[in-house]
Amino acid sequence: MAEITKSYEPGEVERKWYAAWLEKDAFAAKVEPGRESYAIVIPPPNVTGVLTMGHVLNNTLQDILIRRARLEGKSALWIPGTDHAGIATQTVVERELRKEKKTRHDLGRDKFLEKVWAWREEKGGIILEQLRRLGASCDWSRTQFTMDPAYSRAVLSVFVDLYAKGRIYRGKRMVNWCPGSLTALSDEEVDMRPAKGFIYRVRYERVDQPGVFIEVKTTRPETIPGDVAIAVHPDDPRYHGWIGRKVRRPLGPEAEIPIIADAAVDREFGSGALKITPAHDRVDFEIGQRHKLAPIDVLNPDGTLNELAGPVLAGLERFAGRKKAAQILKDSGALVAEEPYENNVGYSERAGVPIEPRLTWQWWLRYPRVDEAKAAVSEGHIRFFPERWTKVYLHWLDHIQDWCISRQLWWGHRIPVWYRAGLDREKLTEADLRDPEKVHVSLDGPADKTGWVQEDDVLDTWASSWIWPLATLGWPNEVAMAKAGFEYFYPTTTLVTGPDIIFFWVARMIMAGLEFARPGEPLANCIPFKNVYFTGIIRDAQGRKMSKSLGNSPDPLDLIAKYGADGLRFGIVSIAPQGQDIRFQEDRIESGKNFCNKLWNACRFRQMSGPMADNSSVMAIYDRLRPADFDGDDHAILDRLLVTTREIDRCFAEFEFSAAVQALYGFFWNDFCDWYVEVSKTKLQSPALRDNCLAIQDLVLRQTLLMLHPFIPFITEELWRQLGYGSEGKFIEDARLSNASQIASYGLKLDEKAVEKVRVFKEFVFAIRQLKASIGLANSRDVEVYFRHQEAKFPVEYNLKDLSLYCGLAKVSKIRGSSEPAPEGAPAAVTPFGPAYLIVAIKADTAAEKVRLTKELETLAKHVASTQARLANESFVSKAPPAVLEGAKKQLADLQAKHAEVARLLAALG
RNA sequence: GGACCCUUAGCUCAGUUGGUUAGAGCGCUUCCUUGACAUGGAAGAGGUCACUGGUUCGAGUCCAGUAGGGUCCACCA
């Protein structure tokens, strides 16, 4: 066995073990009937993406769950993969093309797609390599891409199926049009942002009464050429004589438009009159429909104004057009006023430009299984962590709208619909769509494609990723499903994702699962996952979202280089409480690294302390224990190990990862290193005690490494081997983690009294250390302590040599009996064993001593008084539970005793 | 406009069903390189738990409201 080095160097250890894991297929999941399965599908990152801090958190948590499941003896499967990310990827490649002054239309569809695939081959999947650096234990042999042939067939078969069921239809409707990427977007892809601009008060002149005007307020004067009416509320007395009259459109081609009555108009807003522009506003469109008014579309797809806007505006970009329109209105006197105004404007999430409501033909999906999707969560088949997201989820499903699933892109799954050549798609009726002579819908298209033209649009990316848990397990191909272990692994166990895609992805996966997984079976068999853990969003130290444009996101690979993958993992998890956003601070990552070094050195100490014995199994170590020889510290550390194990079990059940990390940190650093390892140092000197002490250390380290392994896999794997817990060809994941009840069942009887004694003993040690520090002698060893031991009350079994060692003293002596006088004028403290006096060479500063003791006395007096007051309160005494009452009485007695002792010490100073 | 979350030490945050004197890490102060670790050890200072009421023997914790910050949803032009 090699000697453990003085400090932990992660780089080489990480490379070595990741290669070893891969070589031995350590992450390959097997179908093992009779054994519990634990499956996670990765939220597939964009194929063009690079690792961000968000990915680090998200994937570390998934890896923790997967590795823990392996240690618990489950067959664990983590499926990795990437998403083709339609708009994002197409935009990236188009940007490259633009450097050559080309557009995708210059290349044509086929050539362009070749280029995207080439890009994907070259740059895609970098992020998966980066996940390996982080230690992710995905089953890489199952890596999938949403545009893989089999996956694509699954996506298209869903379309064909839902079309056949009548859930998919084609319709000309108002959509969110992105003039940047020239495609429709779903409502979920639109961000509402407050925008500062102007609102324009414009007057329209009555045709039959020149000089009489009706005034409207609009933020979009450039759309006035698209106005087809002015609407007022039917009950608005101001306009009773107006309804049915006509006004002149003040901009664009000459036109007289009617004044109509519609209850959708808000009488309180502005003058109570609303201009109706059905082609460019959702509400206007609906009003237009009600009144059978044909829309006038004055915009081109790219957001420039077209000839219907009139010769002056035609060709202008929409915001330039707005300015120009305002100017024209002003010149003609139609503009009454222009006021600064702030309103919410929808922005394309991807392209970052304001969207346009636009009337276009699109494909729509009536969501299946909406009620079941609600029930799956509200009835607890799927549990959300934190639970509060269920409300958000249910609310969205309550108000769900049909999903616009078509995109005017090339990169994606081309919709499997073929039209008979020569058909005018603008005029297709519902009946035409169901006529197989005119429209063909199938996976592979018409047998003879001549005379047929395929739909140009592709599917929304989310219309492929919503079947991720299904298709990654081979669905719908039965051979592939058997091979992937669909029956065994579906439903998957836990999904780890951000709450920002709860609608985009989580809700839709649930509906897809319910519709397709196991038709006819109960909900619980159809859901795609049983738990959903929502992470927080990582923010910078100022609380801002991390983003590329702000440049406030550290590169995780730099952090790995600096602190090690384990340090990064430990650090990020420690600052990620459940359900709260995370404020990133690099010093937390540093303390993750420091923890690894501490762990490393504790194991190093073990190795240096004595010969390694049989560590090959937990029972082998138990056989080395000699419980009869256990002292209080042995009992105490094993007790703490048990308590910590229980706490970690609980944390995993509740998905409280940062609490788990904190519990492990506190146990290992404070209880084990700072106390047990220190007290071990005397035992290790004694041949009679040494082997038992080493066995206890081996037991504690073994359990600790197992509990830590999911969080910090590399270093624990290395130390597992170094300390002989595992042998060549085996990994730590091949071991089984004992939970708290299993440990308890091994038959170790822990002595509660011994544990309590250690607690009291520690209190003594802390009191002496504090006393020394208070006179500036924190580490000086050449001092002595005398204490008057109240043996009747505290029978102490520790020998005086141990006491002096732990307190850092030259010597400790007991004052025998009550007759022996206390050392005069010595600094003194009250300990659980009785008053203790410090004997120092230098003369103590009596005045300072008095101040110190007086302060302590005051504090004690305050606590005594408050406890007395509580006990004097009759309602407390009569109503508080007995345990609380007893506790208070004991507390009072202790405080009073201590108070009396301190008072005596103070009096002795004169 | 609606829903949800947050406000605890200088900073970032824990605090499970109400119950002794409210915790951790970092930072800060003092002391210490003794054979695991200075990526370390010992000790310490630092908090009217945002505010106002209420329930209760007892409130950081439960209830109502107020203020500030944040997120999501929503067709007011």
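First the proteins, then the strands, lettered A, B, ... as listed; each starts at 1. A quick note: this is a predicted structure, and the numbers were derived from the prediction, not measured.
- One finds a side-chain N or O of R769(A) lying less than 4.0 angstrom from the OP1 or OP2 phosphate oxygen of A43(B).
- As judged by a 4.0 angstrom heavy-atom cut-off over every strand, D674(A) is placed among residues touching the sugar-phosphate backbone only.
- Distance noted for atom P between U34(B) and G25(B): 25 Å (whole Å).
- Atom CG in L860(A) sits about 14 Å away from atom C1' in U20(B), given to the nearest Å.
- For RNA chain B, the residues of residues 581-592 of chain A within the heavy-atom distance limit of 4.0 Å (strictly under) are R583(A), Q585(A), D587(A), R588(A), sorted by number.
- Side chain to side chain, S609(A) and Q697(A) fail the donor-acceptor criterion of an N or O pair below 3.5 Å.
- The side chain of Q662(A) contributes no N or O atom lying less than 4.0 Å from OP1 or OP2 of G25(B).
- Nucleic acid contact class of L892(A) (heavy atoms, under 4.0 Å, all strands): none.
- As judged by a 4.0 angstrom heavy-atom cut-off over every strand, F595(A) is placed among residues making no nucleic acid contact.
- Residue-level contact check: P357(A) touches neither bases nor backbone, having no heavy atom under 4.0 Å from any strand.
- Rounded to a whole angstrom, the distance from the P atom of C5(B) to that of U20(B) is 26 Å.
- One side chain, N176(A) or R282(A), offers a donor N or O that lies under 3.5 Å from an acceptor on the other.
- No side-chain donor-acceptor contact under 3.5 Å links D581(A) to the backbone of I538(A).
- Nucleic acid contact for A602(A): base, since at least one base atom lies under 4.0 Å from a heavy atom of the residue.
- For G41(B), the OP1/OP2 oxygens have a side-chain nitrogen or oxygen of W669(A) closer than 4.0 Å.
- Separation of the C1' atoms belonging to A59(B) and U48(B) is 15 Å when rounded to the nearest angstrom.
- Contact between the side-chain N/O atoms of N873(A) and the OP1/OP2 oxygens of G58(B) is not found at any separation under 4.0 Å.
- For A77(B), neither phosphate oxygen OP1 nor OP2 lies less than 4.0 angstrom from any side-chain nitrogen or oxygen of K275(A).
- Distances shown here put a side-chain N or O of K598(A) below 4.0 Å from the OP1 or OP2 atom of G41(B).
- Base contact: E678(A) has a heavy atom under 4.0 Å from a base atom.
- Rounded to whole Å, the separation between the C1' atoms of U66(B) and C6(B) comes to 16 Å.
- Side chains of Y8(A) and N601(A): no donor on one and acceptor on the other come within 3.5 Å.
- What separates OH of Y563(A) from P of U39(B) is a distance of 13 Å, to the nearest Å.
- Residue I715(A) contributes atom CD1, which lies 15 Å from atom P of C37(B) at whole-angstrom precision.
- The residue among K855(A) and R604(A) whose nearest nucleotide of RNA chain B is located toward the 5' end is R604(A).
- Each of C57(B), U39(B), G25(B) was ranked by its minimum atom distance to the side chain of N597(A); first place goes to U39(B).
- A22(B) and G47(B) are spaced 9 Å apart, taking the C1' atom of each and rounding to whole Å.
- If you check every strand for non-hydrogen atoms under 4.0 Å, C673(A) touches a base.
- The pair R358(A)-E356(A) does not meet the salt-bridge criterion, since no charged nitrogen lies less than 4.0 angstrom from a carboxylate oxygen.
- Between the P atom of G44(B) and the CZ atom of F766(A) lies a distance of 10 Å, rounded to the nearest Å.
- For the residue pair S7(A) and E9(A), a side-chain donor N or O sits within less than 3.5 Å of a side-chain acceptor on the partner.
- Looking at E189(A) and S186(A), their side chains do bring a donor and an acceptor atom within 3.5 Å of each other.
- Between the NZ atom of K217(A) and the P atom of A77(B) there is a distance of 10 Å, rounded to whole Å.
- Salt bridge absent: E215(A) and R203(A) never bring a charged side-chain N and a carboxylate O closer than 4.0 Å.
- Comparing U21(B), A77(B), A38(B) by their closest approach to the side chain of K6(A) singles out A38(B).
- For the C1' atom pair drawn from G44(B) and C49(B), the interatomic distance equals 23 Å after rounding to whole Å.
- Taking the ring centre of F672(A) as origin, the terminal cationic atom of K598(A) falls outside the region bounded by 6.0 Å and 45° from the ring axis.
- Dashed line: the shortest gap from a side-chain N or O of K681(A) to OP1 or OP2 of A36(B) is under 4.0 Å.
- Contact annotation: Y341(A) side-chain N/O to A77(B) OP1/OP2 distance is under 4.0 Å.
- Among the heavy atoms of the strands lying under 4.0 Å from N343(A) are primed sugar atoms or P, OP1, OP2 only; no base atom is included.
- Here F285(A) pairs with nothing under the ring pair (Phe, Tyr, Trp, His ring centres under 6.0 Å) rule; sequence neighbours left out.
- Across all strands shown, H395(A) has heavy atoms under 4.0 Å from sugar-phosphate atoms exclusively, and none from any base.
- Stem regions for RNA chain B, each three or more consecutive Watson-Crick or G-U pairs with both distances under 3.5 Å and listed by first number, read B:1-7 with B:67-73, B:10-13 with B:23-26, B:28-32 with B:40-44, B:50-54 with B:62-66.
- With rounding to whole Å, E763(A) atom CD is found 13 Å from U21(B) atom C1'.
- In this structure, a donor-acceptor pair under 3.5 Å is absent between the side chains of H233(A) and D262(A).
- Counting any heavy atom pair closer than 4.0 Å across all strands shown, Q770(A) reaches sugar-phosphate atoms only and no base atom.
- Between N594(A) atom CG and G40(B) atom C1' the separation is 9 Å, expressed in whole Å.
- When heavy atoms are screened at a 4.0 angstrom cut-off, V877(A) is found touching no nucleic acid atom at all.
- Remark: K217(A) is positioned above the aromatic ring of F269(A), its terminal NZ or CZ atom under 6.0 angstrom from the ring centre and at most 45 degrees off the axis.
- In this entry the distance linking CD of E886(A) with P of G19(B) reads 19 Å, nearest Å.
- Residue contacts shown for L274(A) include a base, since a base heavy atom lies under 4.0 Å away.
- Here the separation of U7(B) from C13(B), taken at their P atoms, is 9 Å to the nearest Å.
- Nucleic acid contact for T219(A): sugar-phosphate only, since backbone atoms but no base atoms lie under 4.0 Å from a heavy atom of the residue.
- With a 6.0 Å cutoff to the six-membered ring centre and a 45° limit on the axis angle, R870(A) counts as a cation-pi contact of F876(A).
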